[in-house]
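Bear in mind the structure is a predicted one, so any value in this text is a computation, not a measurement. One-based numbering, in listed order, for ligands and for the atoms of each.
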Amino acid sequence: MNTVSERDFIYTAQPSRVVFARGSFGRLASEIKLLGARRALVLCTPQQVAQAEKASALLGPLSAGVYSGAEMHVPIESARQAREHAREVGADCAVAVGGGSTIGLGKAIALESSLPIVAVPTTYAGSEMTPIYGITEVGEKKTGRDLRVLPRTVIYDPELSIGLPLGMSVVSGINAIAHAAEGLYARDGNPVMSLVAEEGIRAMAAGLRKIARNPSDFAARSDCLYGAWLCGSVLGHVGMALHHKLCHTLGGSFNLPHAETHTIVLAHALAYNSAAAPEAMERTARALGTSDAADGIFNLASDLGAPIALRDIGMEEADLGRACDIALSNPYWNPRPLERAALMDLLGDAWTGKRPSARVIAA
Ligand code: NAD
């Protein structure tokens with residue numbers, strides 16, 4: 001393992017307040033007051049109106065109502081409508097109750113208005129800890145980083161994720177692990193984020209295995225949410241690589257579901273990078289309690305009944321070449337150079353759901 005002295009780094013901490021406790025949802029009004037806000041617009045998807053109504057009730061006179069127009073990938077039209085609605089009701093704060101899609105809508109509003117966001121995450125995707133936004137326009141998802149979209153306060157209440165169905169919990173949790181696993185070999189990584197990443201993977205993997213046995217295990221739900229916080233924090237602080245590029249391509253250009261795609265691709269991306277990032281692999285494997293990082297992720301997904309093949313989530317085999325070309329056309333930095341033939345093997349294995357094999361780096 002490298003010592004700190006062998007590695008130069010710059011670490012800029014992202015400012016955010018985290019309130020983590022069972023029942024912390026009940027502190028929503030006091031957290032809004034702490035921000036100096038007086039009219040909080042509560043955002044949600046149509047599926048989570050009940051939780052949003054509860055937030056609005058908790059806010060009482062501080063509520064500017066519920067807006068239930070959050071959608072996957074934040075289409076520009078929905079962002080425009082939400083911005084307009086926030087202006088109409090005179091909102092001075094947005095409360096996002098939900099997963100990455102709802103928090104993403106809050107970010108789209110904040111990007112234009114600088115409205116502070118209070119995030120109340122109910123999945124493990126981790127968007128609440130990042131200054132990254134994404135908005136989809138004419139079929140293309142554009143992402144960027146802007147500190148205005150970083151939620152000011154994050155309320156983690158494990159009670160809100162007890163109802164997250166097991167299947168969604170597992171893929172959402174492995175989506176979170178992907179942030180930490182790639183953070184461990186990030187070009188701009190640092191020792192603090194590596195500690196956070198390893199602990200995040202450990203907490204999430206252990207929590208997921210427990211909730212697979214009992215989805216109502218409160219302590220396990222807490223572990224998963226704690227892992228989500230740590231893994232999301234890694235995503236917010238350091239750059240991502242091949243795995244995230246492939247998933248953005250498959251989601252953005254082939255409309256594959258976000259968390260499921262991450263779950264399937266991660267083991268293969270780690271296998272691809274394994275020889276180029278041995279320390280990161282060692283840390284990921286250790287956090288998973290296994291000897292091989294890629295194998296450990298593959299086992300976690302398959303043991304917990306998650307999808308393991310792209311062909312099972314709507315990918316056409318004939319499109320793999322196009323996906324590879326798109327991913328290569330505007331690549332992210334990666335510890336191992338990107339080679340088309342090896343990437344096609346990776347995508348082929350991910351498509352069939354084959355156990356990943358460490359791929360030797362070409363001389
Ligand atoms: P999601 O927010 O799209 O939620 C999926 C569905 O689950 C929605 O219908 C939602 O209402 C429902 N749901 C959420 N929590 C629930 C609960 N506790 N009980 C029952 N139903 C619940 O899914 P996601 O995976 O959290 O987010 C995916 C989106 O977030 C993608 O668009 C992705 O690109 C984005 N994302 C962004 C970042 C970032 O840093 N900007 C990070 C991670 C993900």
Mind checking whether [X] contacts ligand 1 via backbone (N, CA, C, O), side chain (CB onward), both or neither, at a 4.0 Å heavy-atom cut-off?
{"X": "Leu235", "result": "side chain"}
{"X": "Thr45", "result": "side chain"}
{"X": "Thr122", "result": "both"}

(message) Minimum distance, heavy atoms only, to atom 39 (C) of ligand 1: which one of Gly144, Gly232, Gly236, Ser127 is it?
(response) Ser127
(request) Have a look at His248, Gln48, His179 and point out the one with the heavy atom closest to atom 14 (C) of ligand 1. (result) Gln48
Does the distance from a Lys or Arg side-chain N to an Asp or Glu carboxylate O, for [X] and [Y], drop under 4.0 Å?
{"X": "Glu84", "Y": "Arg80", "value": "no"}
{"X": "Glu316", "Y": "Arg322", "value": "no"}
{"X": "Arg209", "Y": "Asp303", "value": "yes"}
{"X": "Arg17", "Y": "Glu31", "value": "yes"}
{"X": "Arg22", "Y": "Asp157", "value": "no"}

Atom indices of ligand 1 within 4.0 angstrom of [X] heavy atoms, with elements:
{"X": "Lys107", "answer": "39 (C), 40 (O), 41 (N)"}
{"X": "Leu160", "answer": "18 (N)"}
{"X": "His73", "answer": "32 (O)"}
{"X": "Leu164", "answer": "15 (N), 16 (C), 17 (C), 18 (N), 19 (N), 22 (C)"}
{"X": "Gly100", "answer": "2 (O), 24 (P), 26 (O), 27 (O), 29 (C), 30 (O)"}
{"X": "Gly99", "answer": "2 (O), 26 (O)"}
{"X": "Thr130", "answer": "39 (C), 40 (O), 41 (N)"}

(message) Is the distance between the ring centroids of His179 and His244 under 6.0 Å?
(response)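 For His244 and His179, the ring centres are under 6.0 Å apart.
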(request) Kindly say whether the aromatic ring centers of Tyr272 and His243 come within a distance under 6.0 Å. (result) no
Return the residue, atom name and 0.1 Å-rounded distance of the protein heavy atom closest to [atom].
{"atom": "atom 5 (C) of ligand 1", "result": "Met168 CE, 3.9 Å"}
{"atom": "atom 34 (O) of ligand 1", "result": "Lys141 NZ, 2.8 Å"}
{"atom": "atom 44 (C) of ligand 1", "result": "His258 NE2, 3.7 Å"}

Compute the shortest N/O to N/O distance between [X] and ligand 1 and return yes if it is under 3.5 Å, no if not.
{"X": "Thr123", "answer": "yes"}
{"X": "Gln47", "answer": "yes"}
{"X": "Ile132", "answer": "yes"}

(request) State, with a plain yes or no, whether a side-chain heavy atom of Phe25 is found less than 4.5 Å away from one of Lys54. (result)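 Yes, close enough: below the 4.5 Å cut-off.
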(message) Please tell me whether Tyr124 and Asn175 have a donor and an acceptor in their side chains that are separated by less than 3.5 angstrom.
(response) no
(request) For atom CG of Asn255, decide whether the heavy atoms of other residues, nucleotides or ligands shown that lie under 6.0 angstrom number more than 12. (result) no
(request) Consider ligand 1: state whether an atom of it lies below 4.0 angstrom from any non-hydrogen atom of Gly163. (result) yes
(request) Apply the test side chain to side chain contact (heavy atoms under 4.5 Å, CB included) to residues Arg340 and Leu343: give CA-CA distance (whole Å), side-chain angles for both, the deciding distance (0.1 Å), then the verdict. (result) CA-CA 5 Å; Arg340 194 174 191 285; Leu343 285 178; 5.7 Å; no
